[in-house]
2 protein chains.
Amino acid sequence: MTQAQATPARATRAQASRPRNAARRAELVAVASRLFRERGYHGVGMRAIAEAADIQAASLYHHFASKEELLLESIYVVDRDLVVDQLPILEGEGTYRERLERLVRGHVGHIGANRDAWWVAGRELRALSPGKLDEVQVYRRRYQHGLGDFLAAGTAAGEFACEDPRLSALAVLDMINGPNEWWEPGGRLAIDELATRYAALALRLVGGDPEGTAPGPGQARKRRSSAR
Amino acid sequence: MTQAQATPARATRAQASRPRNAARRAELVAVASRLFRERGYHGVGMRAIAEAADIQAASLYHHFASKEELLLESIYVVDRDLVVDQLPILEGEGTYRERLERLVRGHVGHIGANRDAWWVAGRELRALSPGKLDEVQVYRRRYQHGLGDFLAAGTAAGEFACEDPRLSALAVLDMINGPNEWWEPGGRLAIDELATRYAALALRLVGGDPEGTAPGPGQARKRRSSAR
DNA sequence: GTCTATATTACGATAGAC
DNA sequence: GTCTATCGTAATATAGAC
């Protein structure tokens, strides 16, 4: 639920540490994510990460080959989940509208539940070496193209009205990634509430909400009273 | 146009350098912005900035008191323009729909014309000290609230259909800030083309495009052929 | 698996000559 | 306005004991 990796679940045996202690790694990644978020990747030293984890800097090198490996693990918490958990929603059950709503709610909810990792994934990509950067971007493109194909299919089916589904996918992603920049717990909207409302707005954006439109120019509106 | 500040325009006289040479400052800020964008604020040293500007590191301190001052100037190129040039569009002439389209086109166009500064303004805020950070956020909130009030007025006038104008303002800003993350020259869409299309999509998002909606569920579409 | 100690390099910033 | 030289600090990473 938080940003721990899935633990392999074997090795509940004795013998202690054969798979290089994945749980400990995940703990340390979570600590590093938090600091990367607060001060930026280059703004945090290995000494600071170690201090926050209550060990010495040198001990980190027992678990990770480099500082960059800590960064890569942080980022994968986000991009792996999007492709593994979110993308299949689009192939699942329900109308196109229902599936899009479910995707957006899950996406925004994931931001709220993994704030440190999202912040890092959104801002520190360039700190990766070219090879590792490519690996991450493969995931991103898969998510983006999956959504584009889905919007094209939904338009062909008459549920959406996207003239350029590829561009609409970018616009939707731009919008639903936005809360990563500004949402924080304790604000006006809880993350579930925000997720639901953004899902409705995304539906409008792709032309899938026949009720969310004002009448023609110059007429009075016939919808409900202006909230706020 | 580019990310140079407005030059004071006095001192075309003799005497050379009384107003601390604003043009030279702007040059150096542009160089710094480019490097901050490429490698991140903490990933770039004063020596690297100096080398790119073809002077020595110590010489930078003749123009700027600190590295942070270079960062602040980079960020202001964006936030000052938004409030000074963009916000007045909403108070200008035309229908609400026309004004929103103009704002979005100008906003996306500004991203395309000031890529380095936008990148830095979007990602390196946290590197500012708390006092300077507050100054920048005053600009940001003014832009955001200005758009929210405008959407509320446009809804009351019957041109938009925003149930929660404050949230719609965030959604629109999230969307139109998005190209800062992915647009680059030479891609599928020129920045003007992108700006026009995002303006149309923003209109949908606020319920201001009566033609951009698919019919009810289960029916065949009656709009133009599915592009691609 | 964590420690102490350290090698090496780079950092932001300053002093003072020209 | 730019230079050379340098101060003091902190960076990533390694060696080797326990």
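Proteins get letters first, then strands, A, B, ... in listed order; numbering begins at 1 in each. Predicted model, so just to flag it, every value in this text is computed and none were measured.
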May I have the distance from A/E68 (atom CD) to D/dA13 (atom C1'), rounded to whole angstrom? 14 Å

Ignoring the backbone of A/H63, work out which of C/dT2, C/dA13, C/dC3 is nearest its side chain. C/dT2

Within 45 degrees of the axis of the six-membered ring of B/Y41 and under 6.0 Å from its centre: does B/K67 put its NZ or CZ there? yes

When you measure from the side-chain N and O atoms of B/H42 to the phosphate of C/dG12, is any distance below 4.0 Å, counting only OP1 and OP2? no

Nearest-Å distance, CZ (A/R39) to P (D/dA10)? 12 Å

B/Y41 OH to C/dC11 C1', in whole Å, measures 12 Å

Side chain to side chain, B/D174 and A/D174, heavy atoms closer than 4.5 Å: no

Find the distance B/Q56:CD to C/dG12:P and express it as a whole number of Å. 15 Å

Looking only at N and O atoms, is any donor in the side chain of B/R47 or the base of C/dG12 less than 3.5 Å from an acceptor on the other one? yes

Less than 4.0 Å between a side-chain N and a carboxylate O, is that true for A/E124 and B/R126? yes

Between A/R25 and C/dG1, does any side-chain N or O lie under 4.0 Å from OP1 or OP2? no

Specify the separation, in whole Å, of atom OH of A/Y61 and atom P of D/dA11. 11 Å

Of the candidate nucleotides C/dA13, C/dT2, D/dT2, which contains the atom at the shortest distance from the side chain of B/K67? C/dA13

Phosphate OP1/OP2 of D/dC3: any B/S59 side-chain N/O under 4.0 Å: yes

Interatomic distance, A/M46 CE vs C/dT2 P [rounded to whole Å]: 13 Å

For C/dG1, take OP1 and OP2 only and decide whether either is under 4.0 Å from a side-chain N or O of A/H62. yes

Could you check whether A/R140 makes a cation-pi contact with A/Y143, meaning its NZ or CZ is under 6.0 Å from the centre of the six-membered ring and within 45° of the ring axis? no

Check the distance between C/dA10's P and B/L35's CG and give it to me in whole angstrom. 17 Å

Is the shortest side-chain heavy-atom distance between A/M46 and A/Y61 below 4.5 Å? yes

Please report the distance, rounded to the nearest Å, between CZ in B/F64 and P in C/dG12. 15 Å

